[in-house]
Amino acid sequence: MDAHLETPEYLAKGTAPLSFDWVRQVHTLGPTGTNCERAALRWAARHCKNAEVFLHATMELAAEAVAKCRKSVLLSVVAYPHLHSIIYEHIGELKLMDVFIMNTDNMVLASSTGETPKVCATHPAPEKLIPASIERKFVTSNAQAAAVCAKGEADGCITTLCAANEFSLTILRKHGPVPMGFTIHGPLQATPASHPSFTSEFQNPNRREFHDTESL
């Protein structure tokens, strides 16, 4: 399942879908292995093939980077707990430009020991997937949850199947992919011809290609 809201009821009569050829950077939540990275790579491949994806420790930091660069956009996710705060904090700089639906990776409950965990690392968004009896340890992303679990700072985590496999965690339960909304936020006035690229300001060690094999 993967749909853009480019239907007549969402577009003014006689208008064409917005072009994103001017975008050179897509900023989103890291580290490597997040659903946001996956969505950013897919969106960029479809709309701005010359853009690089940059990963940040929080979505707030990603938004700050986009606010400084007129050739960049923020990819966020509707389940991000403080997306509303990001929108209103940057209301004078950024606007909502696109919305699409994409399945997340398979969301899983994983363990470093193979046993039911006592403390489970999780981003605040999917924490309801954890049984109520298990203590939560909140972290900044699904991928970070797997890393924290692998380090022994928690004995379990809610994470993506990709991240769980990367850290060799034991899968206790698969919740399956979740149809999820992702949002694109960009400058109030996108005028690429008159603004220089700021690519040199950002280091991007986590860029990687994404080849989707699912039928979404």
Going from [atom1] on [X] to [atom2] on [Y], what distance comes out if it is rounded to the nearest 0.5 angstrom?
{"X": "Asn165", "Y": "Asn106", "atom1": "CG", "atom2": "CG", "value": "9.5 Å"}
{"X": "Thr159", "Y": "Leu109", "atom1": "OG1", "atom2": "CG", "value": "10.5 Å"}
{"X": "Leu55", "Y": "Thr34", "atom1": "CG", "atom2": "OG1", "value": "6.0 Å"}
{"X": "Glu52", "Y": "Arg24", "atom1": "CD", "atom2": "CZ", "value": "11.0 Å"}
{"X": "Gln144", "Y": "Thr58", "atom1": "CD", "atom2": "OG1", "value": "12.0 Å"}
{"X": "Trp43", "Y": "Phe182", "atom1": "CH2", "atom2": "CZ", "value": "13.5 Å"}

Looking at every heavy atom in both [X] and [Y], which two are closest together, and how far apart are they?
{"X": "Ala143", "Y": "Thr32", "answer": "CB-O, 3.7 Å"}
{"X": "Val26", "Y": "Cys48", "answer": "CG2-SG, 4.3 Å"}
{"X": "Asn142", "Y": "Pro126", "answer": "OD1-CG, 3.4 Å"}
{"X": "Asn103", "Y": "Pro179", "answer": "OD1-CA, 3.5 Å"}
{"X": "Cys157", "Y": "Ala145", "answer": "CB-O, 3.5 Å"}
{"X": "Gly186", "Y": "Met97", "answer": "CA-SD, 3.3 Å"}

query: Should Ile184 and Val23 be marked as a side chain to side chain contact (heavy atoms under 4.5 Å, CB included) after you check the CA-CA gap, both sets of side-chain angles, and the distance that decides it?
result: CA-CA 11 Å; Ile184 299 294; Val23 176; over 6 Å; no
- request: Determine yes or no for a side-chain-to-main-chain donor-acceptor pair under 3.5 angstrom, with Glu37 supplying the side chain and Gly33 the backbone.
  value: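 Side chain of Glu37 to backbone of Gly33: a pair is present.
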[X]-[Y] co-clustered via ILVMFWY side chain contacts under 4.5 Å:
{"X": "Met180", "Y": "Leu129", "value": "yes"}
{"X": "Leu169", "Y": "Val108", "value": "no"}
{"X": "Leu75", "Y": "Leu188", "value": "no"}
{"X": "Leu172", "Y": "Val178", "value": "yes"}
{"X": "Leu83", "Y": "Val139", "value": "no"}

Taking the side chain as every heavy atom from C-beta outward, state whether [X] and [Y] have any atom pair closer than 4.5 Å.
{"X": "Thr160", "Y": "Asn35", "value": "yes"}
{"X": "Phe167", "Y": "Lys151", "value": "no"}
{"X": "Leu18", "Y": "Asp98", "value": "no"}
{"X": "Arg38", "Y": "Met102", "value": "yes"}
{"X": "Ile86", "Y": "Leu74", "value": "yes"}
{"X": "Pro81", "Y": "Phe138", "value": "no"}
{"X": "His27", "Y": "Met59", "value": "no"}
{"X": "Thr183", "Y": "Leu96", "value": "yes"}

message: side chain to side chain contact (heavy atoms under 4.5 Å, CB included), that's the test. Do Lys68 and Glu93 meet it? Break it down for me.
response: CA-CA 9 Å; Lys68 297 176 183 176; Glu93 303 156 320; over 6 Å; no
- request: Please step through side chain to side chain contact (heavy atoms under 4.5 Å, CB included) for the pair Thr116 and Ile134, ending with a clear verdict.
  value: CA-CA 9 Å; Thr116 300; Ile134 298 176; 4.2 Å; yes
message: Run Trp22 and Val73 through side chain to side chain contact (heavy atoms under 4.5 Å, CB included) and show every step you take.
response: CA-CA 10 Å; Trp22 53 271; Val73 296; 3.8 Å; yes
- request: Name the orientation class of the two ring planes belonging to Tyr80 and His82 (parallel below 30°, tilted from 30 to 60°, perpendicular beyond 60°).
  value: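 Rings of Tyr80 and His82: perpendicular, as their planes differ by over 60°.
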- request: Using the side-chain contact (heavy atoms from CB on, under 4.5 Å) rule, pick out the option among Lys95, His185, Glu64 that qualifies with His90.
  value: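 So the option named by the test is Glu64.
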